[in-house]
Novice: 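My questions all concern the structure below.
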Amino acid sequence: MAVAMALTAPSLNFGVRSFTRLSRLSQRLFSTAVIRYQQEFTTLEEKPQFPGASAEYVNTLEFIQPNVISGIPVYRVMDRKGHIVNPNEDPKGRISFYMTNYGEEGTHVGSAAAIEMQDLVFGQYREAGVLMWRGYPLDSFMAQCYGNIDDYAHGKQMPVHYGSLEHNFVTISSPLATQIPQAVGAAYAYKRSDIDRAVICYFGEGAASEGDAHAGFNFAATLECPIIFFCRNNGYAISTPTYEQYRGDGIAARGPGYGIRSIRVDGNDVFAVYNATKEARRHAVSENQPMLVEAMTYRIGHHSTSDDSSAYRSVDEVSYWDKQDHPISRLHNFMINQGWWDDAQEKAWRKQSRKMVIETFERAERKLKPSPKLIFTDVYDTAPPSLQKQEEQLKKHVERYAEHYPFDKFERF
Ligand SMILES: Cc1ncc(C[n+]2csc(CCOP(=O)(O)OP(=O)(O)O)c2C)c(N)n1
């Protein structure tokens with residue numbers, strides 16, 4: 001078990017921090033739920049190890065009917081060594097694209113490839129691959145993260161809260177799960193317009209505990225909306241592991257309770273994600289029905305730069321997913337097995353990508369920040385008197401105390 005592995009980990013020295021970690025681990029040890037949480041990783045070919053569910057792998061693409069409520073299997077196309085389990089599902093020629101990320105790339109790149117460009121995307125914040133797939137430029141990613149003059153939102157949003165009208169990607173909202181009922185509303189509008197468009201709505205298993213998720217699922221089912229609910233079950237909501245998040249069989253098990261057809265998929269298998277999402281989209285649009293895809297994966301990175309996940313999970317656990325069940329390694333193995341990729345190409349590609357990213361970073365860094373007056377734009381068509389007053393006050397303030405502000409880095413007020 002993870003607990004046993006963590007106890008033998010070299011990082012377990014005596015000291016206050018280690019003691020705290022030990023206490024947390026022993027609390028887990030005595031929790032009954034921990035038994036389901038993590039098994040010992042002995043071979044590559046055992047049961048799925050996702051902390052969010054206890055299930056078997058299957059290689060038949062089958063949506064769960066609303067009256068089936070337990071034992072949901074995990075669909076996959078290729079095994080951990082990149083071998084296709086069922087030759088009929090060999091995806092040659094269907095996907096030829098992948099990008100680096102932190103262990104969840106299979107979920108968002110696989111699903112993005114399976115939907116149509118006209119489909120509207122509501123993301124959570126960990127789905128940059130969807131935008132990449134749609135051609136959102138690297139410079140725009142950087143501009144948003146830097147909040148510079150090229151940022152579409154003029155620096156009003158937190159970094160990684162991307163949005164692009166051109167790419168049918170609704171701007172990310174920080175409050176969890178608010179995107180779910182909004183996405184359902186958009187899908188309902190599509191249904192009423194009778195056009196070939198679907199909505200895909202991404203969320204984490206943590207966000208699925210919010211009331212908005214319930215409201216969204218139920219509206220989508222009763223109003224029969226063409227929407228794909230795409231849950232990335234990555235095992236953690238910041239520091240909350242799935243065994244503290246829910247006691248049922250993950251998120252897919254909830255679909256039948258709402259009358260929503262559901263499937264659980266190996267999120268580290270980009271082909272399985274692609275197939276499941278493609279099929280979900282087909283049903284969603286042709287039958288005006290919501291579909292639920294639960295993609296089992298693992299958050300290899302910390303939750304954010306403000307988080308240090310070593311406080312609540314073992315280094316060995318993270319290392320297992322990074323080294324032994326990584327979606328990019330799997331695709332890499334598959335491509336090597338096909339003779340489509342080799343170490344020299346990999347090396348050259350990495351070098352070229354790194355150079356491109358660093359150059360883009362530098363360009364974004366050198367750009368000016370937007371004028372402070374833009375704080376007051378883009379929300380109201382005509383700013384209300386209270387905001388107009390604040391704008392005047394700010395202007396006077398910065399004129400008076402100009403020497404305290406780095407105005408050389410900003411566009412003029
Ligand atoms: C309504 C609300 N509550 C709490 C937060 C703080 N918060 C931000 S991310 C997060 C965890 C979400 O976990 P999950 O939905 O599983 O997604 P993941 O980060 O694992 O991708 C929390 C609790 C928030 N942003 N909004």
Side-chain angles (χ1 to χ4, degrees), residues 33 37-38 49-53 99-112 121-132 145 156-163 169-184 200-217 228-255 264-268 273 292-313 317-318 321-322 325-327:
Y37 167 56
Q38 190 89 56
Q49 300 294 334
F50 303 107
M99 298 294 283
T100 57
N101 210 289
Y102 293 90
E104 298 182 44
E105 300 86 345
T107 65
H108 41 110
V109 176
S111 55
V121 180
F122 283 77
Q124 183 154 307
Y125 42 66
R126 225 183 276 289
E127 298 92 8
V130 179
L131 271 172
M132 280 184 170
C145 289
K156 290 189 182 71
Q157 280 277 13
M158 280 173 73
V160 314
H161 287 49
Y162 312 110
F169 192 99
V170 178
T171 306
I172 306 294
S173 297
S174 296
L176 288 175
T178 49
Q179 76 273 24
I180 301 176
Q182 291 166 7
V184 176
I200 187 162
C201 178
Y202 294 90
F203 53 95
E205 84 290 342
S209 295
E210 290 286 339
D212 273 353
H214 162 74
F217 295 155
I228 304 153
F229 293 113
F230 192 103
C231 177
R232 295 176 292 95
N233 188 336
N234 63 12
Y236 289 90
I238 311 186
S239 57
T240 305
T242 46
Y243 63 84
E244 287 177 12
Q245 190 68 249
Y246 52 74
R247 289 293 154 93
D249 186 6
I251 309 304
R254 296 181 199 174
R264 173 174 287 150
V265 58
D266 183 340
N268 295 344
V273 172
L292 171 61
V293 177
E294 181 185 27
M296 308 309 292
T297 184
Y298 187 83
R299 198 197 76 209
I300 290 176
H302 302 297
H303 171 72
S304 68
T305 44
S306 314
D307 177 44
D308 174 6
S309 64
S310 68
Y312 53 83
R313 61 183 185 177
E317 179 186 311
V318 179
W321 293 99
D322 195 19
D325 199 357
H326 195 292

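Here, residue 1 is the first one in the sequence, and each next residue gets the next number. Each ligand, and each atom within it, is numbered from 1 in the order the structure gives.
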Novice: Taking the side chain as every heavy atom from C-beta outward, state whether Tyr202 and Val121 have any pair of such atoms under 4.5 Å apart.
Specialist: yes

Novice: So, using salt bridge (charged side-chain N to carboxylate O under 4.0 Å, His left out) as the criterion, who are the partners of Arg299 when residues are at least two apart?
Specialist: Asp307

Novice: Can you list the steps and then say if Phe50 with Trp321 is a ring pair (Phe, Tyr, Trp, His ring centres under 6.0 Å)?
Specialist: CA-CA 9 Å; Phe50 303 107; Trp321 293 99; 5.4 Å; yes

Novice: Test: salt bridge (charged side-chain N to carboxylate O under 4.0 Å, His left out). Region: residues 206-215. Which pairs qualify, not counting sequence neighbours?
Specialist: none

Novice: Tell me, which residues have any heavy atom less than 4.0 Å from some atom of ligand 1?
Specialist: Gln124, Tyr125, Arg126, Ser174, Pro175, Leu176, Gly204, Glu205, Gly206, Ala207, Glu210, Arg232, Asn234, Tyr236, Ala237, Ile238, His303

Novice: Evaluate Phe229 against Phe217 for ring pair (Phe, Tyr, Trp, His ring centres under 6.0 Å), listing each step before the verdict.
Specialist: CA-CA 8 Å; Phe229 293 113; Phe217 295 155; 4.8 Å; yes

Novice: May I have all residue pairs that pass salt bridge (charged side-chain N to carboxylate O under 4.0 Å, His left out) and include part of residues 230-241, sequence neighbours excluded?
Specialist: Glu104-Arg232, Glu127-Arg232

